[in-house]
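Okay, so here's the structure we're looking at.
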Amino acid sequence: MPDTRTIRNHLESLIEGAVRAAVEAGDLPDVAIPGAAIERPKDMANGDFASTLPLRLARAAMKPPIEIARSIAAHLPADATIDSPDVAPPGFINLRLSPAFLQQQVEHIIATGPGYADLAIGAGKKAQVEFVSANPTGPLHVGNGRGAAIGDALASALEAAGYEVEREYYVNDAGTQTSYFAETLYARYQQLFGRDVDIPKDGYPGDYMIDLARGVKDEAGDSFLRPEGDPMPAELGTLGIELMVRNIRATLERFGVRYDKWYSEKSLYDGEGAYDQAMAILREAGTLAEREGALWFTSSDLGEDKDNVVVRSDGRPTYYASDIAYHWDKFIRRGFNLVIDVWGADHHGHVSRLKTAAKAVGADPNALHVLLYQLVFLKRGGDAVKIAKRSGEFVTLDELMNDVGADAARFFFLLRSPGAQMDFDLDLAVTQSSENPVFYVQYAHARLCSILERAAEQGHTPDGGDVSLLTHPTELALIREMMRLADVIEVVATSLEPQQLPHYAMSLANAFHAFNDAFKQSNDPSLKVITDDAAMTKARLRLVLSARIALARVLTMMGMTAPERM
RNA sequence: GCCCCGGUAGCUCAACGGAUAGAGCAUCUGACUUCGGAUCAGAAGGUUGUGGGUUCGAGUCCUACCCGGGGUACCA
């Protein structure tokens, strides 16, 4: 018997078999079949699955789609997974899963447990999701939180889809911004000793730099102080970056994100590192040219709108050079089959040339996905405040978590498609926290746990329950909703649209609440889970148990907690 | 100028090229002396920015324009 993961394939083969049978019987002309075209109707009234094949065949077959649909439906064999099919205009074949098949899914879910809805589409493939990777020149802000929520959920969905996934943070500990950061830190540090120095023009004016300098002074006293006018000690910059990275890591852990690797940009330049090797490949391919004292990647020959500098005239490599080396390392040295970079939309101009460069160093550009998320606009007191780390005015991810909690923040970030700009009204987020849909979903999980606990107190267990007793519409609707999880995981993992997760979670929670409250609506206490009917109680406890598994799975995938009580 | 992303209900947003465009919030109306009401059932709310086009079928694809945002560095 097929399960939730394979039911679609099963139905496709049924339809395709019916088409062949119809052709053999002479009911249909012998035309090429463009797949069975099984989809899920938006409206459940149109069945659990539908085939639009007749609509697609109409032209080639020179017959009205409705007639084609009738012919195919007539040749569908009896099958335990479905009831008899419906044909609906203009030419849909609607399939409804049989109650017996639905009931069996409860057993399937309980048997598979926490791995319920795992897929095999990524089997044997290594995927990497690199996300946040904010410069360690300041604390994470709200926009970084969006990237964190998206990247982490995508990574989880890819794991569920069968990929071997690594989460990575690329630490920009080299480069120009790092120097500005170090100089700012030294200026603040000197100010603490009474020197009258200004922070650099391109530096970081935020107050957190004063705190950072104060921390250094508390730890190390004046040991980093040099005579006035002398260059700053390099070790201070290194220490500052280390402290900043430590803060960022703590913030992300609080947010529920754990990385497999923190990858240092600086390490690209160590010894015979990635940088040397990637540049050697480009040089050998004749795609480097010296001009105006700088070294250029001649990307315009490869379809880009212009060439780009990889080594400045002062000898320092650009960020672009680092990224080329870094992606050579991802694809060639570490052998990832799928690489996803989650970036803020302000980096979008970099996407095309990175793909071009990745191809030039031997990577498959189709295996590189850059997922851009649009910027987060903060509203506070009605005014829009743009986040900009260097203006020194921004709201940190920590502050956001203080206000609404990590779970709510993650849910809220995931709810929007990455490509849509989002307004984050901080005042509203606080005042509406009790109305936030995150509570709705988590509450459903807590209720599920509570029912199981209450039942156990009264001596009821799900063990040995007969799922064929689950025939009420709200029971079957709940099972249908649980079955969708595999579809959702597939869509999220293949189309990189994590917003499907929270929407699905709300829908699943709703199906449970509706089931759970059905007895109120009908004023029929026999619809409660725990009743005098011992057999019915056991059967419904199995449903509750399976629902808890499914809901916990999607909550976990979103990086949220699945609370047992609230 | 050129490139990218948006424009869908009062608000915030969904919608593998499919059927009557859906949720949450806000508004209105019902239900329960609750296996936890942070609940359920229902109502109302739409010219999917505009004009063309492709398709059996377009919010979705193509095209021209309008509006908002971002990018267009020897910053990252």
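Here is how names work: the chains are called A, B, and so on, in the same order as the sequence lines, proteins then strands, and each is numbered from 1.
Sequence order on RNA chain B of the closest nucleotides to A:Q500 and A:K528 puts A:Q500 first from the 5' end. Across the interface with RNA chain B, nearest-nucleotide mapping of A:P90 and A:Y319 shows A:P90 to be the residue nearer the 5′ end.
Ring pair A:Y169/A:W262 is parallel by interplanar angle, where below 30° counts as parallel and above 60° as perpendicular.
Nucleotide B:U20 holds its C1' atom 17 Å from the CE atom of A:M44, rounded to whole Å. Computed from coordinates, the A:I451 CD1 to B:C35 P distance equals 9 Å when rounded to whole Å. As rounded to whole Å, 11 Å separates atom P of B:U72 from atom NE2 of A:H350. At whole-Å resolution of the value, CG in A:D305 and C1' in B:U72 are 8 Å apart. For the pair A:D346 CG and B:G68 P, the interatomic distance rounds to 20 Å; values are reported in whole Å. The distance from atom NZ of A:K42 to atom C1' of B:G17 is 10 Å, rounded to the nearest whole Å. Rounded to whole angstrom, the span from the CG atom of A:D532 across to the P atom of B:C35 amounts to 14 Å. The separation between A:R447 atom CZ and B:C35 atom C1' is 9 Å, rounded to whole Å.
For A:D43 against B:A21, no side-chain N or O and base N or O form a donor-acceptor pair under 3.5 Å. For A:N516 against B:C35, a side-chain N or O and a base N or O form a donor-acceptor pair under 3.5 Å. Between the base of B:C16 and the side chain of A:S495 there is no donor-acceptor pair shorter than 3.5 Å. With hydrogens and angles ignored, no donor-acceptor pair closer than 3.5 Å exists between the side chain of A:H503 and the base of B:A15. A donor and an acceptor atom never sit less than 3.5 Å apart when one is taken from the side chain of A:H348 and the other from the base of B:G71.
For B:C61 and B:C4, the P atoms lie 13 Å apart once the distance is rounded to whole Å. Distance check on atom P: B:C25 versus B:A41 gives 12 Å, rounded to whole Å. A gap of 8 Å separates the C1' atoms of B:C32 and B:G37, to the nearest Å. B:G22 and B:A15 have their C1' atoms separated by 7 Å, given to the nearest Å. Distance check on atom C1': B:A58 versus B:G18 gives 10 Å, rounded to whole Å. Here, B:A76 and B:G70 have their C1' atoms 15 Å apart, quoted to the whole Å. B:G69 sits 15 Å from B:U8 when the P atoms are compared, rounded to a whole Å. Between B:A73 and B:G59, the distance separating the two P atoms is 39 Å to the nearest Å.
A:F512 has its ring centre no less than 6.0 Å from the ring centre of A:H445. Between A:Y326 and A:Y170, the distance from one ring center to the other falls under 6.0 angstrom. Between A:F515 and A:H472, the gap from one ring centroid to the other reaches at least 6.0 Å.
The phosphate of B:A15 (OP1 or OP2) has a side-chain N or O of A:Q499 nearer than 4.0 angstrom. For A:Y504 and B:A15, the shortest distance from a side-chain N or O to OP1 or OP2 is not below 4.0 Å.
Between A:D407 and A:Q442, the side chains place a donor N or O and an acceptor N or O closer than 3.5 Å (distance only, hydrogens not considered). If you check the side chains of A:S417 and A:E497, you find no donor sitting under 3.5 Å from an acceptor. Donor-acceptor pairing under 3.5 Å is recorded for the side chains of A:R312 and A:T176. No side-chain donor from either of A:R454 and A:H460 sits under 3.5 Å from a side-chain acceptor of the other.
Set against B:A76, B:G36, B:C40, the side chain of A:S450 has B:G36 as its closest nucleotide. With B:G18, B:A15, B:A19 as the choices, the nucleotide that has an atom nearest any side-chain atom of A:E39 turns out to be B:G18. Nearest to the side chain of A:Q177, among B:A23, B:A76, B:U39, sits B:A76. Side-chain proximity of A:A88 to the nucleotides B:A14, B:C75, B:A19 is greatest for B:A19. In the set B:A38, B:C74, B:G36, the nucleotide with an atom closest to the side chain of A:R454 is B:G36. Here the nucleotide nearest the side chain of A:N94, chosen from B:A23, B:G36, B:A19, is B:A19. Candidate nucleotides B:A38, B:A19, B:A76 were compared by shortest atom distance to the side chain of A:N172, and B:A76 ranks first. Residue A:S313 places its side chain closer to B:C74 than to any other of B:U39, B:C74, B:A15. Minimum atom distance to the side chain of A:Q374 is reached by B:G69, of the listed B:C56, B:C40, B:G69. Counting only heavy atoms from C-beta on, A:M506 has its side chain closest to B:G24 among B:G24, B:C74, B:G36.
Heavy atoms of A:R353 sit under 4.0 angstrom from at least one base atom. Residue contacts for A:A58: at a heavy-atom cut-off of 4.0 Å it reaches no nucleic acid atom on any strand shown. Among the atoms of the strands shown, none is found under 4.0 Å from any heavy atom of A:A518. Within 4.0 Å (heavy atoms only), A:R565 reaches at least one base atom of the nucleic acid. A:V529 comes within 4.0 angstrom of a nucleotide base, judged by non-hydrogen atoms across all strands. No contact: A:S507 has no heavy atom under 4.0 Å from any strand. Looking at heavy-atom distances under 4.0 Å, A:D307 makes no contact with the nucleic acid at all. Within 4.0 Å of A:H347, counting heavy atoms only, lies at least one base atom of the nucleic acid. Residue-level contact check: A:E490 touches neither bases nor backbone, having no heavy atom under 4.0 Å from any strand. The residue A:M566 sits close to a base: some heavy atom pair falls under 4.0 Å. If you check every strand for non-hydrogen atoms under 4.0 Å, A:A294 touches a base. A:Q458 comes within contact range of no nucleotide atom at all, as no heavy-atom separation falls under 4.0 Å. Within 4.0 Å (heavy atoms only), A:P64 reaches no atom of the nucleic acid at all.
Counting only Watson-Crick or G-U wobble pairs whose defining distances are both under 3.5 Å, the stems of 3 or more consecutive pairs in RNA chain B are B:1-7 with B:66-72, B:10-13 with B:22-25, B:27-31 with B:39-43, B:49-53 with B:61-65.
At a threshold of 4.0 Å, the pair A:R480-A:D48 counts as salt-bridged, since one of the basic side-chain nitrogens sits closer than that to a carboxylate oxygen. Using a 4.0 Å cut-off between charged nitrogen and carboxylate oxygen, A:E168 and A:K330 do not count as a salt-bridge pair. Ion pairing between a basic and an acidic side chain is recognised when a charged N comes within 4.0 Å of a carboxylate O; A:D463 and A:K538 show no such pairing.
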- Task: Walk me through it: do A:D341 and A:H347 pass the test side-chain hydrogen bond (donor to acceptor under 3.5 Å, both in side chains)?
- Result: CA-CA 11 Å; A:D341 294 354; A:H347 290 65; over 6 Å; no
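The aromatic ring of A:F92 sits over the base of B:A19, with ring centres less than 5.5 Å apart and planes tilted by under 30°.
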